[in-house]
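Encoded as C-alpha cells, the structure appears first; notes follow it.
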2 protein chains.
Amino acid sequence: MYRTIAMKRILMPSVKTKITKRALIVSEAAKLFKEKGFGGASMRDLAEKVGMEAASIYHHIRSKEELLEEICFGLAKTYETQLSEIEQQKIGYPEKIEALIAFHVQLIIEDVNAVSVLNNDWKYLSSEKMIDFKTMRKDYEKRFAALISKGIEAGVFKNVNVSIALFTILSSLRWVELWYKPTRGVTKEDLAKNISAILMNGVKA
Amino acid sequence: MYRTIAMKRILMPSVKTKITKRALIVSEAAKLFKEKGFGGASMRDLAEKVGMEAASIYHHIRSKEELLEEICFGLAKTYETQLSEIEQQKIGYPEKIEALIAFHVQLIIEDVNAVSVLNNDWKYLSSEKMIDFKTMRKDYEKRFAALISKGIEAGVFKNVNVSIALFTILSSLRWVELWYKPTRGVTKEDLAKNISAILMNGVKA
DNA sequence: AAAACTAACTAACGTTTGTTAGTTTTATAA
DNA sequence: TTATAAAACTAACAAACGTTAGTTAGTTTT
C-alpha cells in the first residue's frame with residue numbers, strides 16, 4: 001500500500017512526460033492529417049512538427065494507424081456521450097435537436113483538427129477498425145433520426161422524410177468545419193442559433 | 001484545302017480511339033480517386049482498371065495530376081454554365097434556389113465520381129491550379145449568395161445571415177454525394193423536392 | 001556502483017510511388 | 001504486302017514511404 005503510493009509519486013514525472021509527449025504527437029498528427037490527409041502526411045513530416053526524428057516517434061506509438069484510431073475513436077466517444085445526455089434531458093424534441101446542433105458547432109470550434117480527421121480520414125482505418133467505426137456512426141445516426149421521428153409523431157415537426165432531414169442537418173453541421181474561421185466575427189452561439197433557425201424554420205419568408 | 005480534309009478523314013478513326021481511351025482513363029481515375037483518394041490511388045491501380053500497364057497510360061496523359069485537373073475543372077465549368085443559365089431565367093428567387101438545388105442533385109446522381117473528386121481531392125491540385133480552382137469556387141459562392149441576398153431584399157426570404165444560409169444549402173447538397181444510393185428508393189426529383197422543402201420551410205411544425 | 005529504463009539518435013530495410021526510355025506489337029493506308 | 005504510326009509492352013529510375021535495428025546518453029532504481 002505505502003510502497004505503491006510512493007512508487008507512483010516517484011514514477012509520476014516520467015510517466016507524465018511520456019503521456020504529454022504522446023498527446024503532443026497525437027495532436028500534431030491531427031493537425032497534419034487535416035492539412036494533407038492521412039495518406040499525404042508522412043511520419044517524417046510529423047517528426048519535424050514534434051521536433052524529433054521519425055523513428056523516435058515509434059518510441060511513443062505503435063504505428064501510424066494507431067494515431068488515426070486514437071483520433072477517430074476518441075472523438076466518436078465524445079459524440080456518443082453527449083448524445084446520451086441529450087436523449088435523457090427532459091426537453092422538447094426541437095430543443096434536443098437544437099442542443100445537438102449547438103454541441104456539434106462547439107466541438108468543431110474546440111477541436112477542428114480532430115473533427116476534420118473523423119470526417120475525412122476514417123476511410124483510411126484498417127478494415128477491422130473501419131467496421132467498428134461505421135457501426136458507431138450508424139448507431140449515432142439512428143438515435144439522431146429517432147429524435148426526429150418522435151418529434152414528428154409528437155406533432156412538433158412537419159411530416160418530413162426523416163432520412164433526408166437527418167442528413168440535411170448533419171451535412172450542414174459537417175461543413176462548419178470547412179467554413180468556420182474565428183476571424184469571420186461570428187460567435188459559436190450565433191452560428192448555432194443561425195443554423196438552427198434555418199433548419200427549423202427555413203429561409204422562405 | 002483538299003489535302004487537309006482528306007487527312008482529317010483519314011486520321012479520324014485513330015483520333016477517335018485515342019479520345020475514347022483517354023476518356024475511359026479519366027473516368028476510371030475519377031472512380032478510383034473517389035474510392036481511395038488522390039494520394040491513395042496509384043497509377044498501377046488505375047492501369048489495372050483500364051486494362052493496361054501503368055507506363056502505357058502515359059501515352060494518353062501527361063501526368064497523374066493532369067487527370068485530377070481534368071476532372072475538377074471540367075465539372076467546375078459545368079457548374080458555372082448552369083448557374084449562368086439560372087441567373088438569367090425570369091423566375092423568382094426561391095425558384096432559382098430550387099432550380100440550383102435540383103441541378104446539384106442531378107449532377108451528383110449523373111456523375112457521382114467526378115463530384116466526389118471535386119469535393120474532396122481539389123486540395124491535391126498543384127498550388128497554381130489550386131489558386132485557379134479556389135477563385136472559381138469563390139466566384140460561384142458569391143453569385144449563389146447574391147441570389148439569396150436579392151431574395152431577402154425582395155422580401156421573399158427571411159432576413160437570415162446570408163453566409164450561413166449559403167453554406168447550409170451548399171453543405172446539404174454536398175453530402176447527397178455520400179448519402180445517395182439508387183437502392184434507397186428515392187428518385188432524384190423526390191430528393192431535390194424534399195431537400196428544398198426543408199431548406200425553404202424548415203422542419204418545425 | 002551496478003543494473004535497468006527512457007528517449008532520443010543514425011542507418012538502413014524492403015516496398016511502393018510516379019515517371020521515363022527503349023522496344024515490340026497492332027492496326028491502318030497505300 | 002509493305003510502310004507507318006499508334007499503342008501497348010518490359011525494364012528501370014530516383015524518391016519517398018512506414019518501419020525496424022542497433023546504439024548512445026542520461027536518468028532512475030536496486
Exercise. Considering heavy-atom distances to DNA chain D, does B:Gly51 or A:Arg62 have its closest nucleotide positioned more toward the 5' end?
Worked result: B:Gly51
Exercise. Counting side-chain heavy atoms from CB outward, which of C:dT10, D:dT19, D:dC9 is closest to A:Ala55?
Worked result: C:dT10
For this session: Please determine if a side-chain N or O atom of A:Lys21 lies less than 4.0 Å away from the OP1 or OP2 oxygen of C:dA8.
Result: yes
Exercise. Heavy atoms under 4.0 Å, any strand shown: does B:Ala47 hit a base, just sugar-phosphate, or nothing?
Worked result: nothing
Problem set entry | B:Lys64 charged N/C atom sitting above B:Phe38 aromatic ring, 6.0 Å / 45° | yes
For this session: Would you mind reading off the distance between A:Arg44 atom CZ and C:dA12 atom C1', rounded to a whole angstrom?
Result: 10 Å
For this session: Starting from P on D:dT20, measure out to CD1 on A:Ile61 and report it in whole angstrom.
Result: 10 Å
Exercise. Does the cation-pi check pass for A:Lys188 over A:Tyr180, that is, NZ or CZ under 6.0 Å from the six-membered ring centre and within 45° of its axis?
Worked result: no
Problem set entry | Lys/Arg cation over aromatic B:Trp122: B:Arg137, 6.0 Å, 45° cone | yes
Exercise. Of all the nucleotides listed (D:dG18, C:dG18, D:dC9), which has the minimum atom distance to the side chain of A:Met43?
Worked result: D:dG18
Exercise. Within this structure, what is the CG-to-P distance between B:Leu24 and D:dA7, rounded to whole angstrom?
Worked result: 13 Å
Exercise. Do other residues, nucleotides or ligands put more than 12 heavy atoms under 6.0 Å from B:Lys150 NZ?
Worked result: no
Exercise. Roughly how many Å is it from CD in B:Glu66 to C1' in C:dG18, rounded to a whole number?
Worked result: 14 Å
Exercise. Quick one: is C:dC9 close enough that its OP1 or OP2 comes under 4.0 Å of any side-chain N or O from A:His59?
Worked result: no
Exercise. Nearest-Å distance, CE (B:Met52) to P (D:dA7)?
Worked result: 9 Å
Exercise. Which one is paired to C:dC9, where only Watson-Crick or G-U wobble pairs with both distances under 3.5 angstrom count?
Worked result: D:dG22
Exercise. To the nearest angstrom, how far is B:Ile57 atom CD1 from D:dA6 atom C1'?
Worked result: 17 Å
For this session: Please state whether the phosphate of D:dA16, meaning OP1 or OP2, lies under 4.0 angstrom from any side-chain nitrogen or oxygen of A:Ser42.
Result: no
Exercise. What integer distance in Å separates A:Tyr124:OH from D:dG18:P?
Worked result: 13 Å
Problem set entry | Options C:dG18, D:dT19, D:dC9, nucleotide nearest the side-chain atoms of B:Ser56 | D:dC9
Seminar exercise, completed: Checking D:dA7, C:dT20, D:dT19 against the side chain of B:His60 (C-beta onward), the nearest is D:dA7
For this session: Specify the separation, in whole Å, of atom CD of A:Glu53 and atom P of D:dA21.
Result: 19 Å
Problem set entry | Within 6.0 angstrom of A:Lys193 NZ, more than 12 heavy atoms from elsewhere | no
For this session: Find the partner of D:dT28: check Watson-Crick (N1-N3 plus N6-O4 or O6-N4) and G-U wobble (N1-O2, O6-N3) distances, both under 3.5 Å, and reply none if neither fits.
Result: C:dA3
